[in-house]
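Notes follow once the structure below has been shown.
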Amino acid sequence: MSPATSTAIASPNIAFIKYWGDRDHDLRIPANPSLSMTLGGLQTETSLTLLEPGAEDVLILNGARVSGPPLARVSGFLAHVRAVAGRSEGAKVDSVNSYPAGAGIASSAAAFAALALAASSAYSLDVSPTELSRLARRGSGSAARSIFSGFVEMQTGQHDEDAYAKPFLPPDHWPLQDWVAVVDDQPKPIGSSEGHLLANTSPIQLTRVNDAGRRMQVCRHALIERDFNQLAAIIEQDSNLMHAVMITSTPSLLYLQPASLMLMRSIKAWRAEGIEACFTIDAGPNVHVICTSEHSREVERRLRSFEVVKDLIHATPGQGAKLQNTVAT
Ligand code: DP6
């Protein structure tokens, strides 16, 4: 008797050392290692219900049935799970996000972490945490990190077996805060998956990739020592390097907007004043402001005073993916 419905929850993550570009695009083997903080307080809940053998997969996102590329991506992922598990049932996937779309938070990380867990449970795939992380990576590279709690690092390599995340430090090691300043909530014209394909067209991608080991080392050290100034310098440099690659790709990807730059400048000035805050920006214009809990209220107050900041979303180091319940038939 196999469970008919499995439900899993997972949180998104923000990368301090970012993955940009793939070594193998189909397998989503990242070009460089990465290090992230799992964003507690934000959550995706995904339920997977098994259908008849051979049935078409169904995808429901935030209550609405979805087809086209998002369904194809989920179905492709499930086809891999079914092939590994030796199963043939189709699936209905019902996924709900607790945070708004277009908020500058990569929802694919939480979505595929939750889906990997729910699917491995529903299809009775017995996987270790490392195997689960590798599985989630096949859906979305950054999802490999959302399997784990707190501060998480992801190694990479030439092969599927080499690319997976592992926990680095627990959430209570350092209660850093992430204030996401939303300056634009429109869907981005080019998503990460397409963007990764362009990374190698930038003449500086190789330099960025070759230097990633050093940035990982500095970031690990700053986190272990809770050295905010060192952390701020490496996080901002890593984000700037990724955007430099994006801007110098062909075609050029310019995600930053005037409001993003204005916030970047302001946050640097605040740090010069002694406020422990720094910025990091993913594939979009919205700014993640990472700060210590001591300076969180002041950072929030200052961010709220900007007219360009349309919304503020708050997160702290959180838990990895968890199975909620399975309903047996
Ligand atoms: C800028 O994991 O969203 O957020 O594998 O195509 O789903 P896919 O890409 P995704 O890429 C993440 C890019 C990033 C940096 C990071 O999270 O490391």
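Note that these values count all heavy atoms, side chains included, but never hydrogens, waters or copies made by symmetry. Counting convention: from 1, in listed order, for ligands and their atoms alike.
Taking all atoms of both residues into account, the shortest heavy-atom contact from T248 to A244 is OG1-O, 2.6 Å. Between S107 and N97, the closest heavy-atom pair is CB-ND2, 3.9 Å.
Going from atom CG of D94 over to atom OG1 of T7 covers 9.0 Å, rounded to the nearest 0.5 Å. The OG1 atom of T156 sits 7.5 Å away from the CG atom of N32 when rounded to the nearest 0.5 Å.
Not one N or O of N13 is nearer than 3.5 Å to an N or O of ligand 1, by distance alone. Residue contacts with ligand 1: W20 is placed with no nitrogen or oxygen under 3.5 Å of a nitrogen or oxygen of the ligand (distance criterion only). In terms of N/O distances under 3.5 Å, ligand 1 is not approached by S34. The shortest N or O to N or O distance between I17 and ligand 1 is not under 3.5 Å.
Of all the atoms in ligand 1, the ones that sit under 4.0 Å from a non-hydrogen atom of A15 are 16 (C), 17 (O), 18 (O). Which parts of ligand 1 touch S192 is read off a 4.0 Å heavy-atom cut-off, strictly below it: atoms 3 (O), 9 (O), 10 (P), 11 (O). Taking a cut-off of under 4.0 Å to the non-hydrogen atoms of S193, the atoms of ligand 1 that pass are 6 (O), 7 (O), 8 (P). Against a heavy-atom cut-off of under 4.0 Å, M242 is close to the following atoms of ligand 1: 1 (C). Close approach to S142 involves these atoms of ligand 1, each under 4.0 Å from a residue heavy atom: 2 (O), 3 (O), 10 (P), 17 (O).
With a heavy-atom cut-off of 4.0 Å, M154 does not touch ligand 1 at all.
Side-chain atoms of R215 never come within 3.5 Å of backbone atoms of F16 as a donor-acceptor pair (strictly under, hydrogens ignored). For the pair H243 (side chain) and L253 (backbone), a donor-acceptor distance under 3.5 Å is absent.
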Run the side-chain donor-acceptor check on residues 68-79: report pairs under 3.5 Å with partners two or more places apart or on a different chain.
{"from": "R73", "atom 1": "NE", "to": "G139", "atom 2": "O", "distance (Å)": "3.3"}
{"from": "R73", "atom 1": "NH2", "to": "G139", "atom 2": "O", "distance (Å)": "3.0"}
{"from": "S75", "atom 1": "OG", "to": "D57", "atom 2": "OD2", "distance (Å)": "2.6"}

Only pairs under 3.5 Å count here: list side-chain donor-acceptor contacts from residues 309-320, not counting sequence neighbours, and write none if there are none.
{"from": "H314", "atom 1": "NE2", "to": "Q177", "atom 2": "OE1", "distance (Å)": "2.7"}
{"from": "Q319", "atom 1": "OE1", "to": "S149", "atom 2": "OG", "distance (Å)": "3.3"}

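In this structure, the side chains of E153 and S34 stay at 4.5 Å or more apart for every pair of heavy atoms.
Of the protein's heavy atoms, G141 N, 2.7 Å lies nearest to atom 5 (O) of ligand 1. Scanning the protein heavy atoms around atom 9 (O) of ligand 1, the nearest turns out to be H196 NE2, 3.0 Å. In terms of protein heavy-atom proximity, atom 8 (P) of ligand 1 is nearest to R28 NE, 3.5 Å.
Considering R297, R302, R304 in turn, R304 is the only one that fulfils the salt bridge (Lys or Arg N to Asp or Glu O under 4.0 Å) rule with E300.
Here the shortest heavy-atom distance to atom 14 (C) of ligand 1, taken over Y255, F16, Y19, belongs to Y19. Between atom 17 (O) of ligand 1 and the options K18, E194, R145, the minimum heavy-atom separation is to R145.
S108 counts as a contact of ligand 1, since one of its heavy atoms falls under 4.0 Å from the ligand.
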